[in-house]
Amino acid sequence: MAFDAETREQLIDTVRRFVAERLRPLEAQVAEQDRVPDEIVREMADLGLFGLSIPEAFGGLGLAMEDECLVAIELGRTSPAFRSVIGTNVGIGSQGLVMFGTPEQKAKWLPKIASGEIVTSFALTEPEAGSDSAAVQTRARREGDVYVLDGAKRYITNAGKAQLFTVMARTDPDRKGAGGVSAFLVPRDLPGITVGKPEKKMGQQGAHIHDVSFDGVRVPAANRLGEEGEGFKVAMQVLDRGRLHIGAVCVGVAERLIADCVAYANERKQFGQPIAQFQLIQGMLADSKTEALAARALVLETARKRDAGESVTLEASASKYFASEMVGRVADRAVQIFGGAGYVADYGIERLYRDVRIFRIYEGTSQIQQVVIARETLKRGG
Ligand SMILES: Cc1cc2nc3c(=O)[nH]c(=O)nc-3n(C[C@H](O)[C@H](O)[C@H](O)COP(=O)(O)OP(=O)(O)OC[C@H]3O[C@@H](n4cnc5c(N)ncnc54)[C@H](O)[C@@H]3O)c2cc1C
């Protein structure tokens, strides 16, 4: 749904205040304890954040992509670990169901996903299938009314809390690539599923990834998402959308960092004047601001095109590629502008510097985005 301008402004304003008043004061605590407090998760659910992208008919806000990106930019103004709480329900954990689910599948799961009553995960990556995601080896063997799943998934966001996984598994072992893969909705409580311990990561403490293994898991055939052999298509369409959302989060973090830099540069004095007066500092601010504006424009323009029904595979990849590389450069300049304080934990800049590094890796590395952008450009002839 496209909100009218006033409703959209109200929503953005509510999220902006929630981020400023509730989330930002907790950033250091969440990083230290590696945990987002339960009351914050409840407040996020009350605000409807788990259901941003779920159609209104199933209890969500049903936002258009542009509006979702505007909300994601606001959520980007704090530790990205907070966004990760809702990230899978809004994006990779629900959108396969929204785009390919049967009416029964949608009615069964989407209302609980939208309300945050259940958490979802998206399980594509495997130990031997990362960037080459069409190489998944997890097997799904048909036995009458069930598929039997065997295999291992790696680095699955929110798997420790998830009650529902979207799992990509090979239904046709004779077809090695994308065509042999199908997608399944796999409830956590089926026997044979093991979720590993959370990995220790470089940043985004409070957000967790786990290995997940499937050992003879009997999934009802009614839980297949889309047709047999369509699983890779499901995954790629989910990621197309996810890449725009991630691009928007990168814009939000960059805008936050620039605001922090301006405040610090005005306050910190050297050689008898605020460092903001030095043109070499101003040059860094100008570069960061220019790049953040460019990323914002690209992300929102692509979101509008998607809302208008255009195919945006190229533009979504370009958005994620440019915005994630951009926020890396902005974070690096922020450390520089803060000087020694940029390297010291108390100021929070080094934390954001570590937090943003993952944006260039997950949902397709920068190199994979380049591959997609080049392929689509060659296909389009320019
Ligand atoms: C915090 C975090 C959260 C994650 N969440 C999820 C999740 O919820 N669900 C999920 O399924 N996965 C998830 N992942 C996995 C993530 O999507 C993969 O790590 C990512 O796609 C890269 O795969 P890989 O780690 O196997 O790296 P590899 O594919 O081994 O890549 C290693 C290097 O080789 C480069 N490379 C690979 N192929 C090419 C090529 N063709 N051309 C040029 N360079 C290439 C890559 O760009 C990279 O630089 C998550 C990972 C992390 C760290």
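One-based numbering, in listed order, for ligands and for the atoms of each. Since we're looking at a predicted model, the values are computed, not measured. Reckoned from all heavy atoms, side chains included, excluding hydrogens, waters and symmetry mates.
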Set out, in order, the CA-CA distance, both residues' side-chain angles and the distance that settles side-chain contact (heavy atoms from CB on, under 4.5 Å) for Leu49 and Val90, then state yes or no.
CA-CA 8 Å; Leu49 297 181; Val90 169; 6.0 Å; no

As a quick check of understanding, evaluate salt bridge (Lys or Arg N to Asp or Glu O under 4.0 Å) for Arg22 and Glu43, giving each step before the final call.
CA-CA 9 Å; Arg22 296 292 293 136; Glu43 287 174 42; 2.7 Å; yes

Can you check side-chain contact (heavy atoms from CB on, under 4.5 Å) on Arg83 and Thr78, steps first, answer last?
CA-CA 9 Å; Arg83 186 214 61 98; Thr78 184; over 6 Å; no

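Considering Val249, Leu244, Ile246 as possible partners of Val299, the one that fulfils the side chain to side chain contact (heavy atoms under 4.5 Å, CB included) test is Leu244.
The pair Glu126-Arg154 fails the salt-bridge criterion, with no side-chain N (NZ, NE, NH1 or NH2) lying under 4.0 Å from an Asp/Glu carboxylate O. Contact check on Glu228 versus Arg175 returns no salt bridge, with no Lys/Arg side-chain nitrogen under 4.0 Å from an Asp/Glu carboxylate oxygen. Between Arg256 and Asp260 there is a salt bridge, since a side-chain N of the basic residue sits under 4.0 Å from a carboxylate O of the acidic one.
Nearest heavy-atom pair, Ser366 versus Glu325, reported as atom, atom and distance to 0.1 Å: OG-OE2, 2.5 Å.
Atom 5 (N) of ligand 1 has Thr157 OG1, 2.8 Å as its closest protein atom, hydrogens excluded (heavy atom only). In terms of protein heavy-atom proximity, atom 26 (O) of ligand 1 is nearest to Gly130 CA, 3.2 Å. Protein heavy atom closest to atom 53 (C) of ligand 1, with residue, atom name and distance, is Ile358 CD1, 3.3 Å. Given atom 42 (N) of ligand 1, the protein heavy atom at minimum distance is Val371 CG2, 4.2 Å. From the protein, the heavy atom lying nearest to atom 28 (P) of ligand 1 is Ser131 OG, 3.7 Å. For atom 20 (C) of ligand 1, the closest non-hydrogen atom on the protein side is Ile361 O, 3.6 Å.
Using a 3.5 Å distance cut-off with no hydrogens or angles, the side chains of Ser94 and Asn89 do not pair a donor with an acceptor.
Remark: Tyr155 OH is loosely packed, at most 12 non-hydrogen atoms of other residues, nucleotides or ligands lying under 6.0 Å away. Atom OH of Tyr362 is surrounded by more than 12 heavy atoms from other residues, nucleotides or ligands within 6.0 Å.
Residue contact check: Glu363 has heavy atoms under 4.0 Å from atoms 17 (O) of ligand 1. Every atom of ligand 1 is numbered from 1 in the order shown, and the set under 4.0 Å from a heavy atom of Thr365 is 22 (C), 46 (C), 47 (O). Those atoms of ligand 1 that come under 4.0 Å of a heavy atom in Ile92, given as number and element, are 8 (O).
Remark: atom 34 (O) of ligand 1 lies closer than 4.0 Å to no protein heavy atom. For atom 37 (C) of ligand 1, the protein comes within 4.0 Å by at least one heavy atom. Proximity of atom 3 (C) of ligand 1 to the protein is indicated by at least one non-hydrogen atom lying closer than 4.0 angstrom. Checking atom 30 (O) of ligand 1 against the protein gives no heavy-atom contact under 4.0 Å. Counting only heavy atoms, the protein gets under 4.0 Å from atom 50 (C) of ligand 1.
Of the candidates Phe122, Tyr155, Tyr362, Phe165, Tyr155 brings a heavy atom nearest to atom 13 (C) of ligand 1. Within the set Ile368, Val136, Ile209, Thr120, the minimum heavy-atom distance to atom 1 (C) of ligand 1 is found for Ile209. For atom 17 (O) of ligand 1, the choice among Val212, Leu124, Thr125 with the nearest heavy atom turns out to be Thr125. For atom 43 (C) of ligand 1, the choice among Glu199, Gln370, Gln367 with the nearest heavy atom turns out to be Gln367.
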